[in-house]
Amino acid sequence: MKKYSRSFFNQPTVQVAQELLGQVLAFQDHRGIITETEAYCGFDDPASHAARGETPRTKIMFGKPGYAYVYLIYGMYHCLNFVTEKPGYPATVLIRGIQLLNGSKKHLDGPGKLCRELGITKEHNGSDIVNGCDFQVLETQDKPSFIQTPRIGIKVGLDKFWRFKVS
DNA sequence: ACCCCGATCGTA
DNA sequence: ACGATCGGGGTT
């Protein structure tokens with residue numbers, strides 16, 4: 001399986017979120033098919049952490065595409081994102097679900113559970129997805145069909161249908 | 001220095 | 001449908 005290059009992440013975020021479905025997320029010795037994603041996009045998306053400008057937490061979102069944005073939510077869960085689009089334009093794809101390929105074939109459904117199971121924490125914030133050693137995204141030939149809905153767990157930006165789930 | 005709340009989860 | 005849970009981001 002071929003590894004995605006940085007240019008893949010330097011594309012419109014909604015497109016990247018859709019194209020990631022069916023591809024393989026590799027983290028250390030874990031492998032899983034990406035089954036659910038969400039797009040968080042630009043300065044004018046009220047649901048995005050970057051909507052109120054750059055802060056220490058959101059700094060990575062403003063940097064180069066192809067890096068991990070990992071943050072703590074509800075004091076106890078972590079969420080994994082991939083930074084997209086050009087430097088200076090804050091955007092990410094949230095990874096919400098993967099189908100594990102290792103033996104168990106377990107479906108990790110939900111961003112918090114996914115990070116808990118794989119052992120992804122804040123220490124992986126800023127990891128390089130393209131040239132780093134922990135994360136890789138591998139290209140399959142799969143283009144699964146998917147449904148499109150509003151994003152989960154937010155109170156604003158519900159007019160945007162930026163959640164994508166393999167159907 | 002501190003208050004408030006969230007890109008969730010599990011149970012009901 | 002809803003309550004538990006709590007670290008830390010953002011503002012003071």
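Worth knowing before you read on, the calculation uses all heavy atoms, side chains too, and leaves out hydrogens, waters and symmetry mates. In the text below, chain A, chain B and the rest are named by the order of the sequence lines, each starting its count at 1.
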message: Is there a side-chain contact between His49(A) and the phosphate of dA7(B), meaning an N or O under 4.0 Å from OP1 or OP2?
response: yes
message: Just to verify, what does Glu123(A) make a salt bridge (charged side-chain N to carboxylate O under 4.0 Å, His left out) with, not counting sequence neighbours?
response: none
message: For the CG atom of Asn125(A) and the OH atom of Tyr71(A), what is their distance to the nearest 0.5 Å?
response: 11.5 Å
- request: Take atom CD of Glu36(A) and atom P of dT8(B), then tell me their distance rounded to the nearest Å.
  value: 10 Å
- request: Answer with base, sugar-phosphate or nothing: what part of the nucleic acid does Arg116(A) contact at a heavy-atom distance below 4.0 Å?
  value: sugar-phosphate
field: Between C1' of dG8(C) and CG of Asn125(A), the distance in whole Å
entry: 14 Å
message: Measuring only the C1' atom in each nucleotide, how far is dG8(C) from dT12(C)? A whole number of Å is fine.
response: 16 Å
- line: d(Leu114(A) CG, Glu36(A) CD) to nearest 0.5 Å is 10.0 Å
message: Between Thr35(A) and Gln99(A), is there a side-chain donor-acceptor contact under 3.5 Å, judged purely by atom types and distance?
response: no
- prompt: According to the Watson-Crick and G-U wobble definition with distances under 3.5 Å, which dot-bracket string, read 5' to 3', encodes DNA chain C, using [ ] for crossing pairs and | for pairs with another strand?
  reply: ||||.||||||.
Phosphate OP1/OP2 of dG9(C): any Thr55(A) side-chain N/O under 4.0 Å: no
Polar pair under 3.5 Å, donor/acceptor by atom type, side chain Tyr71(A), base dA7(B): yes
- prompt: With nearest nucleotides of DNA chain C determined for Pro56(A) and Tyr74(A) from heavy-atom distances, which residue corresponds to the more 5′ nucleotide?
  reply: Tyr74(A)
message: With a 4.0 Å limit, can you tell me whether Arg52(A) has a side-chain N or O closer than that to the phosphate oxygens OP1/OP2 of dT11(C)?
response: no
query: To the side chain of Tyr77(A), which of dT8(B), dA7(B), dG10(C) is closest?
result: dT8(B)
task: Taking atom C1' in both dG7(C) and dT11(B), compute the distance separating them and give it to the nearest angstrom.
output: 24 Å
Any side-chain donor near an acceptor of the partner, Gln15(A) and Glu19(A), under 3.5 Å: yes
- line: Distance col, row Thr84(A):OG1 vs Ile129(A):CD1, nearest 0.5 angstrom, shows 12.0 Å
message: In this structure, how many angstroms lie between the P atom of dC9(B) and the CG atom of Leu114(A), rounded?
response: 9 Å
message: Rounding to an integer number of Å, can you tell me how far Arg151(A) CZ sits from dG6(B) C1'?
response: 15 Å
field: Lys160(A) side chain near dA7(B) phosphate (N/O to OP1/OP2, under 4.0 Å)
entry: no
statement: Closest heavy-atom pair, Cys115(A) versus Leu80(A), reported as atoms and distance to 0.1 Å, is SG-N, 3.6 Å
field: Side-chain N,O (Lys113(A)) to OP1/OP2 (dT8(B)) below 4.0 Å
entry: no
query: Whole-Å distance between dT8(B) P and Ile120(A) CD1?
result: 16 Å
- request: Using whole Å, report how far CD1 of Ile154(A) lies from C1' of dC5(B).
  value: 16 Å
- prompt: Are any of the side-chain heavy atoms of Thr37(A) and Phe146(A) separated by less than 4.5 Å?
  reply: no
- prompt: What does Ile73(A) touch in the nucleic acid at a heavy-atom separation under 4.0 angstrom: a base, only the sugar-phosphate, or nothing?
  reply: sugar-phosphate
query: What's the NZ-P distance between Lys59(A) and dG9(C), to the nearest Å?
result: 14 Å
query: Rounding to a whole Å, what distance do you find between His78(A):NE2 and dA7(B):C1'?
result: 14 Å
message: For a quick check of understanding: with a heavy-atom distance under 4.0 Å over all strands, which category does Arg57(A) fall into, base, sugar-phosphate or nothing?
response: sugar-phosphate
